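Just so you know, these numbers come straight off a predicted model, no measurement behind them. Sequence lines set the chain letters: A, B, ... in the order given, protein chains first and strands last, and positions in each chain run from 1. The figures that follow rest on heavy atoms only: side chains count, while hydrogens, waters and symmetry mates do not.
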Amino acid sequence: MKRSKRSAIDRRQTIDAYVCISPWLIGFLIFTIMPISFTIYYSFTRWTIMEPPVWIGLKNYIFMFTKDPIFWQSLKVTSLYVVMSLPIIIIFGLLLALLLNLKIRGMNLYRTLFYIPAVISGVSVAMLWTWLLQPDVGMVNTLLDLVGIKGPGWFWDPVWALPSVASMSVWKVGGSAVIYLAGLQNIPPQLYEAARIDGAGRRQAFFKITIPLLTPTLFFQLIIQMIECFKVFTEAFVITKGGPLKATYFYLLYFYEEGFQHFNTGYASALILVLVTVIMGMTVFVNYTSKRWVYYAGEDRAS
Amino acid sequence: MSNQRKCHKMQRWQMAIAFALVFLFAVSFAFAAGQQENQAAGAEETVTLEWWTWDSEEYDEASQRAMAKVFEETHPDIKINMILMPVSGFETKMTTALGSGVGGPDVTFFSIANWYPKALPLDDLIERDNFDTSIYYDAFWKTKTQFDGKTIGLPLGVGAQFIMYNKDLFDEAGVAYPEDDWTTADYLEIARKVANPDKKIWGCEILKRPFRAIWFNHGEDVRLYSPDSKVVEGYLNSPGSQQAYEWFYDLMRSGATPSVSDMETLSSENTGPVDLFMAGRLGMATLNQGHMLNAVKEGMNFGVVREPGLEGGERYVNAWSLMVSIWEGSENPDESWEFLKWYVGPEGQKFLMDNANLFPSIGSVAKQYKDADKDYVQGFLKVLEDTNVAIWRGTHPSGSKVESGIKDLWDKIQLNLISRSDIKAELDALVPAAQLTLEEAKKTLGK
Amino acid sequence: MSIPLKGQNKGISPVFNKRITVNIKHVIKTLFIHLCMILIAFFFLVPILWMLSTALKLRWEIFAWPPEWLPREPHWENFREAFKRVPMWGYMWNTLRIIFFKVIGELFAVPLVAYAFARFRFPGKKVLFLLVISTMMIPLQTKLIPLFSMYVRFGLIDSYWPLILPAFTGTPFFIFLMVQYIKTMPRDLDDAARIDGLNNYGILYRILIPLCVPALTITVTYTFLWTWNEFLQPLIYLNSYEKYTIQLGLEMFKGMWSVEWNLLMAATLSTMLPVLVLYFFAQKKLIGGIATLGLKG
């Protein structure tokens, strides 16, 4: 008796849930499943976009894993970029958000100012960075000169190119800070109040209240920014063209050149599916660990 | 409880209906829009052609619109829908449309070799109308409109790369102006003399890729692979190639050029050294007629000379004509042909020459060029007389793929990571990978 | 309301003169914060200043040496010239119209979808949610050709529909954001509302949405920003010059053989203003959420 009632509730919930997600589901079928099934098909073919595709089975994938050093190079470079760039965005974004969450006069203005770099689209920012990091006359090396350090060649040095591109992420923290800012609003102030009465210091409050209650936002940031980092493209496309010596030959750059410049589009389809699989694997992994460190106030207690 | 459930149920139905309505609305709107278009097309007698184009120094937006209007007046049954798009987006949009097989233009530039299979062959139409193709400069006709034994387009205008030199900087350094028979060694010598590192004035720019005439002039065998697109060995690593790379090595070490980072920072995206030249900081720069027009507009004191070669060697010019074609999917090929032969024929090219800055690909029209007596035009004409219009990238579209494979060597020379004597060995080492790339690319791209 | 992070001193002292020290300390702290803010703000302002300087220069002055951080003489007419060259006003208006419908679409779809993922138990939930996230991984370029073919067949090319319709199915980024946001809301809220006789939709629209204002604000501002900066899709789907959007207009300054950087920067700067103005007002709405409950209750 109890069981059947439970299942009736479940059924009703299921129906409601599917009604609710139906807009996304329809969009997913039309805007993702439909095009991506073409991509999956093309990945098993030779295809130049212009001529009809020719079925070649797994050859694209076999070539990629056994004969293509550029594939491995771009995967390596991209992973290194993620490792360098992700912490910058996650940590600096949080610090900036904490700063912007202070209640002082003129905060509206500050918040807007800090948002500016996020507003400017790729090419202008790239152009600016080439000027800032220009080895001979750029602002950064001029400043380094003043303190007696000979600055490196930045984008034009095989060793420094990748860190230089990664450091451009600093400008993106404005965008990531906004999301933290929204997350911070979900922390009930009473908790701090209570902590203070219990004699907890600010540092303790930060680590015992702010961070745990912010974990859902952190989790979101981690996944989203990881995906974005894997998709790094514009910086390399505009500034370094993947060089020098393929030090910044990112995965999407390789995909783009294969697919749209060399018209090796079947292979490019295979490339992108491998990347999606890699990111998906990372996401599942992060999601798996999340059970240990992400705290939801509204967790479904029944499950 | 039951009451509550009822209310709950009703709301669920309301939600479902709301969804249904939204999507019905969207879908019906979609169909209505589609039908409207069909009706509009069916109701009138005239045919509307879609013409994709861009705005450039040689034919700006206004003159192209005016030209379309003139055509419509003389051809009352054809309407031209001119679609102007940013140059930077044209390639993506074309590739998408051609790849989709639907939604492409009737008439447009087929500027990329990979698109050629999708252009309508014109031989039958040319024959039917007795269209005189001998009006076009022969070299451009032969190299720029033929594919797979068929004529697939008509050549609009001509362009060429040549060296523009800043007369003021030459005078300041006391260097004589270059002559047409100069050599690649002269080029280095002059560049060194004109350069003034203290003022950050340089003799010439650095090369970014191996496709300039100055490169090819090093010999017949200076190619990425054989003319029949089969072998890399003996071309990529030929004595001529080695000589060209060594020359490039000398250029990079000469101190006459800006550093790689200077070039990247100070010249804008994909447009080469034009900005540095226009800012008066480059003695010589390899530019084209579009840049020349800008320099004229800015009142620069400059001269024009063709690219140097070897003593007594064959000289080439990197020249082009933009092929305009009809998309094979066009629903109105006859009307498109009417437009194409007018637009790229004497009338259209003359209109764009008179009202804009097009340099026509038709000799008889070019003679009437408004500034024909100016010395820069004379210089340009002289460059075009070299009918050795080279296609040294090979006839195969896989060229770009093979080329990207040798990019590391360019980086190494630019960054001074290898010595001059290593060049031969480096070239030899690149051959197997390049051969593999060529073969793989040929499997995909055919032939 | 107290400001926990800025934190007055540990423990409140009843002693009067100790309070004065606290106040002086407070003033110094505030000053210090302002100083930090101004320094960081300057760092973030560099791109704008540099763009402004470029926008005011003559075309080839930009490439002079030694590099000049200020124009020799400000050429404000570059702004007028930029607007004359390309119909930027019209393009801004077009883009605003697209944004309007997209915002409606997102506000309709995102909370609903997110609500289901955050609160309901249903078969396939975990897989479907992974799919929501994974759609973000696929670059647009891979999907262009099939989508373009589809829109051509439906006769939607050269209309705004291909740009707007996907918003009505919810953008995965916002769905994910909203799911995370709703999940932090205590379930007690739902339970209390259910006892009051609200059904699932009532809970969403009466209880949760008002608390989700910060997340919704992000949805609106990001939709605005992304649509404003979108280049590829308008390029592919729009044909008529009159229907173009901002980014297509900006690309028009990049010529066949050279780029007019000064005009491009002038136009870019001008088109950035609306985004910043919107954000200036929107960020006030970033306050709210569960934190406000304490005040009400």
Original post:
Do you know which of G103(B), S56(B), G99(B) has the most heavy-atom pairs under 4.5 Å to chain C?
Top reply: G103(B)
**OP:** Please name the pair of heavy atoms, one in I236(C) and one in T96(B), separated by the smallest distance, quoted to 0.1 Å.
**Re:** CD1-OG1, 3.7 Å
Original post:
Can you tell me how far the CD atom of Q141(C) sits from the OG1 atom of T92(B), to the nearest 0.5 Å?
Top reply: 8.0 Å
Original post:
For S100(B) and F148(C), which heavy atoms make the closest approach, and how far apart are they?
Top reply: OG-CD2, 3.2 Å
Original post:
Which answer fits Y244(C), side chain, backbone, both or neither, if we ask what part of it has an atom under 4.5 Å from a heavy atom of chain B?
Top reply: side chain
Original post:
Take atom CZ in F101(C); do more than 12 heavy atoms of anything else shown fall under 6.0 Å from it?
Top reply: no
**OP:** First locate atom OG of S88(B), then atom NZ of K254(C), and finally report the distance between them rounded to the nearest 0.5 Å.
**Re:** 5.5 Å
Subject >> Between CG on residue L144(C) and OG1 on residue T95(B), distance to nearest 0.5 Å >> reply: 10.5 Å
Original post:
Rounded to the nearest 0.5 Å, how far apart are CE of M85(B) and CG of L235(C)?
Top reply: 7.0 Å
Original post:
With sequence neighbours excluded, what pairs up with F90(B) under the ring-ring contact (aromatic ring centres under 6.0 Å, His included) test?
Top reply: W54(B), W115(B)
Subject >> Structural part of L232(C) lying under 4.5 Å from a heavy atom of chain B >> reply: side chain
**OP:** Tell me, for F231(C) versus chain B, whether the close heavy atoms (under 4.5 Å) come from the side chain, the backbone, both or neither.
**Re:** side chain
Subject >> Part of N81(B) within contact of chain C (heavy atom distance under 4.5 Å) >> reply: neither
Subject >> Separation of R65(B) CZ from Y241(C) OH (nearest 0.5 Å) >> reply: 7.0 Å
Original post:
Based on non-hydrogen pairs under 4.5 Å, which of I164(C), L58(C), N239(C) is most in contact with chain B?
Top reply: N239(C)
